[in-house]
Amino acid sequence: MQERYEPAAIEAEAQHYWDQQHSFEAKEDPSRPKYYCLCMFPYPSGRLHMGHVRNYTIGDVLARFMRMNGRNVLQPMGWDAFGLPAENAAMANGVPPAKWTLENIAHMKAQLKSLGYGLDWSRELTTCLPEYYRWNQWLFLRMLEKGIAYLKTGVVNWDPVDKTVLANEQVIDGRGWRTGAMVEKREIPMYYLKITAYAEDLLDALKDMQDWPERVRIMQANWIGRSEGVRLGFPHSVGEGGILHVFTTRADTIMGVTFCAVAAEHPLAIHAAQGNPQLAAFIEECKRGPAVEAELATQEKKGMATGLYVRHPISGEPVPVWVGNYVLMSYGDGAVMGVPAHDERDFEFAKKYRLPIKPVIAVPGRVYSAAAWEPWYSDHGRCVDSGAYDGLEYQAAVDAVARDSSAKGLGEKRTIWRLRDWGISRQRYWGCPIPIIHCKNCGVVPVPDEQLPVVLPVDLVPDGSGNPLLKCAAFLNVKCPKCGADARRETDTMDTFVDSSWYYLRFACADNDHAMLDHRVQYWLPVDQYIGGIEHAILHLLYARFWTRFLKDMGAVSFKEPFARLFTQGMVLNEVFFRKADSGRLQYFNPADVNVTVDKATHRREAMLRSDGKQVESGGVVTMSKSKNNGVDPQVLVDEFGADTARLFMMFAAPPEQTLEWSDEGVQGAFRFIKRLWKAVYEHVSAGPAQRLEKAMLTEAQRALRRHSHQTLAKVADDFGRRRTFNTAIAAVMELLNAVARHPQTGAQDRSIVQEALEIAVMSLSPIIPHAAHALWRELGRRTAMIDETWLQPDEQALQSSTVQMVVQVNGKLRAHITVAVDADEAAIRSTALADANVQKFIGTGAIRKLIVVRGKLLNIVV
RNA sequence: GCGAAUGUGGCGGAAUUGGUAGACGCGCCAGACUUAGGAUCUGGUGGGGCAACCCGUGCGAGUUCGAGUCUCGCCUUUCGCACCA
């Protein structure tokens with residue numbers, strides 16, 4: 001065996017072996033329990049970042065552990081390959097997005113391989129290739145047929161210079177992020193997917209998803225936003241039988257209504273604005289709105305009276321209608337009933353415009369005063385000053401109001417949702433073409449199935465002046481499938497979230513040219529363990545759940561939840577260093593270029609830039625990002641220390657769901673530990689083969705090390721399989737190795753015990769450092785390759801001990817450690833404890849009032 | 001504002017069911033080996049006393065024989081949502 005640990009050679013050898021043996025190619029085998037372990041597939045941005053490495057290492061550790069525990073494991077990988085960055089790179093470099101994307105994929109695939117992940121590359125999929133996205137188009141057509149996909153005019157952010165639609169994140173302070181031009185709100189026709197049809201089921205099913213993190217379930221529930229209340233009608237005289245509809249969860253406050261407020265876009269507002277230029281101007285101002293979404297919540301409430309009145313649905317009294325900038329057209333009916341006494345926003349509004357405030361809810365022990373808002377004003381209570389409803393509690397009052405208004409045809413109970421339908425049209429080139437043809441004679445015509453896929457041209461280079469498909473005659477010009485006349489293709493492409501909404505299904509049958517899915521989906525799905533970042537807690541996971549439900553309704557799959565278990569790993573953080581330029585702008589420096597010195601006495605840290613030796617400021621430890629220039633390139637790490645060190649560090653530095661702080665010293669520590677393990681095995685095998693273990697003839701010290709080995713084995717299996725705390729599993733193996741180092745090796749049986757301990761250590765770490773484990777397993781004389789081994793089970797006999805350490809407390813304070821027989825009764829434990837001199841000292845002359853014995857752990861004497 | 005998480009040595013973190021606080025690692029200190037070490041090995045390392053012992057898990061109360069862990073009230077930091085009627 002080689003004395004030195006040389007990761008480059010060892011890792012190449014192990015990876016070559018797995019390739020040769022096709023170790024990770026998964027085959028359907030109904031006789032074995034399957035385990036589908038999936039990490040969120042990456043966007044091919046060019047290089048792997050540390051977040052990827054953390055994500056995929058967690059997945060690989062679980063996959064390898066499950067495999068060795070008898071599961072038929074599928075761990076596939078693919079590429080979320082459509083999207084905006086490719087277009088930006090194309091503009092910057094003059095290279096078509098397709099070329100840029102495919103080159104990135106090739107590079108990142110090599111990186112993934114160099115990290116030793118046990119991925120089944122035979123199932124690799126790439127969403128920007130027609131073999132994949134043709135099924136987006138096919139399913140979209142099915143959704144059209146079922147009415148789940150539909151065409152509607154929607155409001156978008158329009159950059160007038162780039163002639164393109166911007167995502168909300170691309171609008172900065174009301175201006176386009178590239179051009180700096182003022183963004184306009186434009187109404188254009190878009191395709192929507194009716195996710196709201198599944199809102200109730202998407203929400204209700206969350207209750208049963210106990211293997212998803214609670215916070216993801218809460219975030220989804222809030223996003224879906226179910227709200228139960230009453231839709232009330234306020235009749236008015238605009239138009240024939242006009243009724244202003246409002247939604248409220250507080251129908252019990254109906255008698256406190258002193259005004260109604262409608263959104264600027266509300267038909268009643270627009271009607272009132274005709275012939276009222278002041279109001280029209282105000283509506284325009286509201287429509288523009290604040291640039292930043294968050295300012296919506298804090299901006300001053302403004303309004304203007306329309307001059308119109310509606311009639312109260314219960315009392316019939318006239319109620320003035322106002323336009324309010326705090327009323328959202330997109331929620332409910334775009335109008336609210338104003339109850340200033342019991343709603344903070346209405347209160348603010350009424351105060352400002354001197355509208356009456358009428359309290360109608362009494363809360364016991366509280367006295368209402370309209371002078372200032374108190375948080376309890378919106379609490380539930382009992383109706384007062386409310387005519388027939390006086391004395392009723394919340395639910396009774398809501399029921400009564402719903403009944404009375406409904407009798408007049410002016411009310412009904414209603415559940416409404418925050419969730420909106422999903423607009424998927426993007427006026428972008430680098431995405432999946434929406435399979436629609438526009439014909440002068442026939443209108444909007446879906447592309448017939450037999451003409452799929454609508455292939456996206458791959459040689460276009462966007463120049464920033466709108467969608468290049470609009471200038472691509474070969475793509476644009478087409479014959480109408482219905483009438484044969486000259487027609488034009490739809491140039492909008494699909495939101496890239498469409499691509500990721502079903503890729504996990506396609507991995508089961510990525511090679512099928514004839515169908516989107518086949519019977520193999522039944523075997524592999526649902527995904528047993530899905531692993532990814534919390535940033536996808538809402539959109540991606542919600543869309544995927546929606547698509548699976550649609551496919552189930554189509555009969556294509558038999559389940560509705562695609563991911564049985566979800567794990568969201570924490571972010572990778574690193575310190576940021578910067579200098580403030582004279583202009584006030586911050587210039588960030590990569591931590592690799594900064595030298596940090598620590599004063600030993602004061603713990604004061606000083607950071608300076610290597611290149612000029614001058615000081616830089618530390619901005620604390622934050623998420624690694626391009627903008628903060630605090631990323632560490634995983635490739636550098638792999639080149640210098642090897643994949644195993646990178647993997648070990650990531651798994652050891654923090655529990656997987658928490659944030660992980662980057663530490664160069666920590667990486668060194670991980671490297672050092674592998675070297676120690678290597679050396680321990682080297683020294684052991686250099687002395688020749690170990691003898692057979694004679695379990696019956698061991699000394700107490702030998703039995704103790706053996707017990708330690710098997711306790712470690714049990715703990716590691718629990719940490720991997722149940723707790724998912726890889727950091728504590730690694731710590732346990734480190735402790736075992738420390739015990740091995742301390743163990744005096746005098747006799748042949750010592751070598752046998754150490755052989756066993758080293759085998760257990762190597763196996764325990766094999767999911768984390770698979771390359772080193774692969775080599776060490778062989779060196780320890782095992783003939784089966786590590787990856788094909790079955791996980792060792794702890795020997796019950798080895799775990800047993802005849803004695804146990806107990807702690808003795810006097811009045812709850814630790815005073816002694818005692819060793820007693822495992823089967824000692826309370827009397828024996830008591831007398832051993834009382835015989836201890838230190839225990840006697842603290843009991844002193846006091847009488848023993850109470851004595852608590854926790855078998856095998858502790859004894860507390862209360863004096 | 002609402003919701004969730006979080007707070008433990010110089011640092012990352014451990015303590016799984018209310019039962020030895022600080023495992024394991026980093027850093028630091030001392031020593032060994034060495035021409036040398038930023039390699040390796042050994043020992044030490046929460047604070048105060050340097051002994052017995054006392055004090056210590058964000059702050060304040062409480063429950064308990066016993067609280068990092070449970071209850072109540074505050075505070076910090078982070079994340080998510082944010083005029084949702």
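Letters A, B, ... mirror the listed sequences (proteins, then strands); counts begin at 1.
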Is B:G9 syn or anti, taking syn as a glycosidic angle within 90° of 0?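 Syn for B:G9; the angle stays within 90° of 0.
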Can you tell me if A:R420 uses its side chain to pair, donor with acceptor, with the backbone of A:S330 under 3.5 Å?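 Yes, the answer is positive, given that a donor and an acceptor are paired below the 3.5 Å cut-off.
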So does A:A816 get a backbone contact from the side chain of A:N838, meaning a donor-acceptor N/O pair under 3.5 Å?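 Checked: no pair found.
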Under a 3.5 Å limit for both distances, which nucleotide forms a Watson-Crick or G-U wobble pair with [N], could you say?
N: B:G68; result: none
N: B:U76; result: none
N: B:G1; result: B:C81
N: B:C50; result: none
N: B:G27; result: B:U45

With a 3.5 Å cut-off and heavy atoms only, can you find an N or O donor on one side and an acceptor on the other between the side chain of A:R722 and the base of B:U16?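 Answer yes: a donor N or O sits under 3.5 Å from an acceptor.
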Under 3.5 Å, is there an N or O donor on one side and an acceptor on the other linking the side chain of A:K857 and the base of B:U17?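 No such pair is found, so the answer is no.
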Nearest-Å distance for atom pair [atom1]/[atom2], residues [X] and [N]:
X: A:D252; N: B:A85; atom1: CG; atom2: P; answer: 13 Å
X: A:M219; N: B:A5; atom1: CE; atom2: C1'; answer: 12 Å
X: A:I224; N: B:C84; atom1: CD1; atom2: C1'; answer: 15 Å

Assess the pair A:W417 and A:Y331: is the distance between their ring centroids shorter than 6.0 Å?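 When the ring centroids of A:W417 and A:Y331 are compared, they turn out to be at least 6.0 Å apart.
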Assess the pair A:Y377 and A:W373: is the distance between their ring centroids shorter than 6.0 Å?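 That pair passes the under 6.0 Å test.
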Need one value for A:N811: base, sugar-phosphate or nothing, where a base atom within 4.0 Å counts as base even if backbone is also close, heavy atoms only.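 Contact class for A:N811: none.
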Start at the 5' end of RNA chain B and walk down; is the nucleotide closest to A:D333 or to A:K675 reached first?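 Residue closer to the 5' terminus by nearest nucleotide: A:K675.
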Comparing A:A741 and A:W223 on RNA chain B - which has the more 5′ nearest nucleotide: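 Between the two, 5'-proximity favours A:A741.
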